[in-house]
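Structure first, then comments.
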Amino acid sequence: MSEQKHLYLVDGSAYIFRAYHRLPPLTNIHGEPVGAVYGYTTMLWKLADDLHQADGPTHMAVVLDKSSQSFRNEIYDLYKANRPEPPEDLRPQFPMIRDATRAFSLPMIEEDNVEADDMIASYAKAACAAGWDVTIVSSDKDLMQLVEPCVDMFDTMKNERIRAEEVIGKFGVGPEKVGDVLALMGDSVDNVPGVPGVGPKTATKLIQEFGDLESVLAAAPDMKPSKMRDNLIEHADKARLSKVLVTLKEDCPLPIPIEDMKLGAIPEEPLAAFLQHHGFNSLLKRIGQVANTAAANKAIAGNPKATSKGDGAASAPVAGKAALPPAMPPIDVNAYECVTTVDRLDHWISRAMETGLVAFDTETDSLEAVTARLVGFSLAVAPGEACYVPLGHGGTDLLAENPEQIPFAEALARLKLLLVEPSILKIGQNLKYDISVLAQHGLTIAPYDDTMVMSFALDAGDHGHGMDELARLHLGHECISYKSVTGTGKSQIGFAEVPLSDATKYAAEDADVTLRLWHHLKLRLSPDKVTTVYELVDRPLVPVLSKMECTGIKVDRAVLARLSGEFAAQMESLEKEIHELAGQPFTIGSPQQLGNILFEKMGHKGGKKGKSGQYSTDVTVLEDLAGQGVEIARKVLDWRQLAKLKSTYTDSLQEQINPKTGRVHTSYSLVGAQTGRLSSTDPNLQNIPIRTEMGRQIRDAFVAEPGNVILSADYSQIELRLAAHFADVAPLRDAFEKGEDIHARTAQEMFGEVNRDTRGRAKTINFSILYGISRWGLAKRLESTPDEAQALIDAYFKRFPGISNYIQETLATVRECGHSTTLFGRKTWFPRIKSANQAERQGSERAAINAPIQGTSADIIKRAMVRMGPALEAAGLPHVKMLLQVHDELVFELPEGDVAAASKVIEAVMADAAEPLVKLTVPLGVEIGTGTSWGAAH
DNA sequence: GCACTCACG
DNA sequence: GACGTACGTGAGTGCC
């Protein structure tokens with residue numbers, strides 16, 4: 001029996017607005033407004049209940065607007081500009097709509113840069129093309145354009161089907177003309193201009209008479225003179241723009257294939273937990289009575305675990321009690337206190353003593369923590385209960401008396417008590433910054449939690465971890481933007497100049513939001529099984545990184561200045577030669593101009609590329625030309641290398657030397673790389689040149705203080721070792737065990753002999769594996785053909801079947817769970833792993849193959865970094881300073897006399913970093929070098 | 001603000 | 001049958 005498939009697309013965003021206005025202002029048992037959520041929940045219930053009914057859904061998904069911005073704003077910046085802010089008691093219901101959707105275990109579509117209507121259009125088209133029926137659950141007039149024989153709409157509130165007939169009833173024209181009518185009449189709510197004076201009636205009449213918008217506009221001059229005629233002529237462009245705005249995008253990439261939207265029995269959990277949380281008791285009672293909930297199915301099957309055994313103390317989590325964050329009052333920025341007396345500050349600190357929790361945030365006048373001046377701090381002791389303590393507003397002299405502020409030293413003394421108080425948990429969003437700022441005043445923080453780091457442990461790969469984004473996502477709250485407080489551009493003021501009333505709203509909101517986020521995130525750590533990676537890897541790294549950043553690394557300006565001069569001289573002479581070869585002067589740094597010179601003026605071969613229609617002039621293209629003996633190509637390559645080195649390194653690095661410390665202080669991000677790696681910015685010290693001799697010289701500028709040396713310790717081939725472990729490849733493990741050259745061993749295994757050529761090819765193949773190999777990619781790198789590359793891949797997998805198994809198993813798990821996992825339990829989410837778009841999907845697959853390996857490597861070196869300080873301290877080496885981390889390398893500065901002892905400790909900590917959490921089947925090799933500079937230490 | 005290019009592991 | 005093809009980053013430049 002082949003069932004006609006029927007996809008229901010629920011227009012969630014539109015529904016909640018309607019439900020909000022139609023339903024009474026209900027609140028749940030926590031006093032939160034939930035009217036719209038309740039309406040939405042009952043609607044989903046009703047829809048899901050129609051499974052297997054005639055014309056009921058076999059597949060279902062909810063489509064939501066992700067943000068208020070879409071590509072339409074790029075076309076017309078006033079689009080939806082008139083939209084009033086949603087009412088205060090509706091806003092917190094937006095994230096609950098997501099909770100409700102998840103509670104029903106329904107797929108949820110939310111895409112950036114397009115509106116829900118566009119996704120609905122694209123899905124409707126795709127399902128229709130596959131021969132399915134589609135029902136759009138909405139009554140939005142814009143969506144009526146989509147109605148066709150295989151697509152109808154369903155208005156749940158009026159319980160009414162909308163087919164072509166109903167569309168004609170409403171618009172007087174068929175669905176295919178609805179866009180033209182809408183374009184003429186405009187839409188004041190969405191700020192679609194339309195033609196002034198033309199409303200629904202006139203628009204319909206015109207389209208009925210002339211057929212479509214362009215015909216109406218074309219016919220306008222011949223109409224009898226009237227205001228309408230003039231308007232049609234004058235505002236023709238507005239009408240055309242309106243047509244573009246109301247036309248739905250039907251070719252959006254589909255993040256979830258329609259087949260995956262199959263509607264089955266709704267699992268009892270998490271639905272029951274959701275209903276219970278809100279106290280939707282009448283619905284809760286119906287679980288189990290409804291044919292389509294899993295509970296009912298279980299009851300029929302007689303599930304032995306359905307009833308609790310009574311004492312459950314040591315048993316698995318109890319169904320129906322899935323943790324949900326506590327109810328919180330709506331955010332009210334007018335309720336925050338500006339603390340200007342010691343008495344009031346003491347009050348807040350004593351409140352923190354009572355609750356044992358305080359969210360904390362510092363305000364400064366700079367993003368650079370090492371030099372930032374402390375301007376104030378905010379505290380939140382409970383949701384909605386927050387304050388701001390200004391310290392440095394309205395003046396730059398820290399010691400100056402300011403009657404409106406608590407004296408700096410006095411406030412800091414009290415803050416110190418709070419921050420070190422062991423019974424109070426301090427919660428921050430990106431606490432590394434606050435720790436670094438406060439370190440200037442000798443303050444430390446313990447114990448602590450960091451909501452940004454928690455979010456990363458939970459949701460890496462799924463979304464960003466900035467506070468504004470998390471607040472939007474988890475709290476449905478739009479934070480006051482920093483820019484709205486300080487202004488932008490030329491007129492931007494420092495936070496110290498912000499009036500106290502504005503500063504209080506902004507700063508206290510940050511603390512309040514951070515506390516609320518903590519309640520959401522903390523609960524998820526354990527059920528989501530990321531406690532280990534959060535508690536033992538990422539969280540303890542926060543103060544370690546802060547210390548490294550504050551320490552910085554000494555950079556010898558003279559070395560950089562000399563290199564800058566040399567590079568400039570070489571560039572100048574190259575530039576002359578290049579212009580001569582080209583026969584004209586041009587900007588070598590402009591790929592556009594260079595492309596035109598090379599491929600049009602000089603007539604070299606090399607095709608266009610990319611959407612921009614520009615010639616590609618990247619290194620592969622130029623190398624290719626150089627190989628053919630094109631002199632200018634080689635010179636451009638040399639010029640480019642010099643330009644890069646000079647601008648990115650020798651010039652700008654000099655500017656980054658902190659005048660107070662004479663050192664460069666990078667900033668590490670714990671959440672910068674989805675795999676769990678760190679990233680480094682301002683400046684990026686993880687990409688200092690090393691591969692070419694010219695670039696390498698830059699490392700000579702990174703030096704030790706007199707009497708000290710630089711020590712560099714790096715893991716040798718750590719990712720390949722981990723691959724050998726993951727895939728359990730005996731010959732590779734054996735080679736690592738014996739300390740052999742791994743690429744040579746691979747060559748031996750694959751080709752039966754080791755020489756320069758086979759070792760080189762084996763090395764390329766080894767790395768390809770880590771990145772998710774493709775025959776074309778390998779062919780390109782080996783300069784061979786895809787067929788030959790495929791033969792090598794086959795040979796590799798045949799010789800090392802474990803690798804092939806690892807790849808298949810990893811992909812199967814990621815497809816099933818949505819995320820990859822490292823040996824330490826770090827997750828990376830791959831929301832596009834099932835994308836219907838092939839390139840997108842395959843990209844996710846390659847990343848997913850790589851993530852456990854790259855991520856485990858990151859976990860291991862992070863563990864080493866966390867243990868390094870205490871280990872050195874315990875060995876009586878307090879003067880050894882850890883300065884940099886470059887993914888598989890740690891850089892230290894230490895007294896010359898400590899080298900031997902420190903090397904031992906560093907080697908041991910790094911080599912044993914996985915223990916005892918993880919037992920590897922390969923040893924971790926560590927190589928150590930020392931010298932007066934980073935360059936010399938390699 | 002985006003595309004391109006290129007520095008690193 | 002065409003398409004585009006290695007994983008993860010950050011920064012400087014030209015150009016719209």
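In this text, all values refer to a predicted model and were calculated from it rather than measured experimentally. Numbers restart at 1 for each chain; the letters A, B, ... are given by sequence-line order, proteins then strands. These values consider heavy atoms only, across backbone and side chains, with no hydrogens, waters or symmetry-generated copies.
Within the structure, a side-chain polar atom (N or O) of Q593(A) is placed less than 4.0 Å from OP1 or OP2 of dC15(C). OP1 and OP2 of dA7(B) both lie 4.0 Å or more from every side-chain N or O belonging to R640(A). Taking 4.0 angstrom as the limit, S679(A) places a side-chain polar atom (N or O) nearer than this to OP1 or OP2 of dG10(C). At the phosphate of dA6(C), OP1 or OP2 sits under 4.0 Å from a side-chain N or O atom of R781(A). R691(A) has a side-chain polar atom (N or O) that falls below the 4.0 Å cut-off from OP1 or OP2 of dC8(B). Note on S652(A): a side-chain N or O is less than 4.0 Å away from OP1 or OP2 of dG12(C).
Rounded to whole angstrom, the span from the CD atom of Q885(A) across to the P atom of dC8(B) amounts to 17 Å. Protein atom CG of L645(A) is 17 Å distant from nucleotide atom P of dA11(C), rounded to whole Å. When the P atom of dT13(C) is taken as reference, atom CG of L594(A) falls 17 Å away, rounded to whole Å. One interatomic measurement links the two molecules: NZ of K763(A) to P of dA6(C), which rounds to 19 Å at whole-angstrom precision. Rounded to whole Å, atom P of dA6(C) lies 16 Å from atom CD1 of I807(A). At whole-Å resolution of the value, CZ in F702(A) and C1' in dC8(B) are 12 Å apart. As a whole-Å value, the separation of R841(A) CZ from dT5(C) C1' is 14 Å.
Among the heavy atoms of the strands lying under 4.0 Å from Q674(A) are primed sugar atoms or P, OP1, OP2 only; no base atom is included. Within 4.0 Å of T617(A), counting heavy atoms only, lie sugar-phosphate atoms of the nucleic acid but no base atom. Within the 4.0 angstrom heavy-atom criterion, base atoms lie near S768(A). Counting any heavy atom pair closer than 4.0 Å across all strands shown, Q641(A) reaches sugar-phosphate atoms only and no base atom. Backbone-only contact: I688(A) has heavy atoms under 4.0 Å from sugar-phosphate atoms and none from a base. Across all strands, I853(A) comes closer than 4.0 Å to no nucleic acid atom at all (heavy-atom distances). Residue-level contact check: A673(A) touches the backbone only, with heavy atoms under 4.0 Å from sugar-phosphate atoms and none from bases.
Judged purely by atom type and a 3.5 angstrom limit, T587(A) has no side-chain atom pairing as donor or acceptor with the backbone of S590(A).
Using a 30° and 60° split on the angle between ring planes, W934(A) and F702(A) fall in the perpendicular class, above 60°. Aromatic ring orientation, F767(A) versus H743(A): tilted (interplanar angle from 30° to 60°).
dC8(B) sits 30 Å from dC3(C) when the C1' atoms are compared, rounded to a whole Å. Only the P atoms considered, dA3(B) is 15 Å distant from dT5(C), to the nearest whole Å. The P atoms of dC4(B) and dG4(C) are separated by 13 Å, rounded to the nearest whole Å.
The nucleotide whose nearest atom lies closest to any side-chain atom of S647(A) is, among dC6(B), dT13(C), dG9(B), dT13(C). Each of dA7(B), dG8(C), dG10(C) was ranked by its minimum atom distance to the side chain of N684(A); first place goes to dG10(C). Each of dC8(B), dG4(C), dT5(B) was ranked by its minimum atom distance to the side chain of D618(A); first place goes to dT5(B). In this structure, the nucleotide among dC4(B), dA7(B), dA6(C) sitting nearest to the side chain of Y649(A) is dA7(B). Comparing dT5(B), dC6(B), dC7(C) by their closest approach to the side chain of S616(A) singles out dT5(B). Closest to the Q854(A) side chain, of the nucleotides dA11(C), dC4(B), dG8(C), is dG8(C). Each of dC6(B), dA6(C), dC8(B) was ranked by its minimum atom distance to the side chain of N687(A); first place goes to dC8(B). Taking every side-chain heavy atom of K644(A) into account, dA11(C) is the closest of dC3(C), dC15(C), dA11(C). In the set dG8(C), dG4(C), dT5(B), dG8(C) carries the atom at the smallest distance from any side-chain atom of R677(A).
At a cut-off of 3.5 Å, with distance as the only test, no side-chain donor of T828(A) or T675(A) sits close to an acceptor on the other residue. Side-chain polar atoms of N837(A) and S835(A) form no donor-acceptor pair below 3.5 angstrom. Residues T617(A) and R640(A) bring a donor and an acceptor atom of their side chains to less than 3.5 Å of each other.
In this model, no side-chain donor or acceptor of R846(A) finds a partner on the base of dG8(C) within 3.5 Å.
Taking a pair to require two hydrogen-bonding distances under 3.5 Å in either a Watson-Crick or a G-U wobble arrangement, dC3(C) remains unpaired.
A side chain to side chain contact (heavy atoms under 4.5 Å, CB included) with D714(A) is found for one member of H887(A), E927(A), M910(A) and no other, namely E927(A).
In this structure, E469(A) places its CD atom where more than 12 heavy-atom neighbours from other residues, nucleotides or ligands lie under 6.0 Å away.
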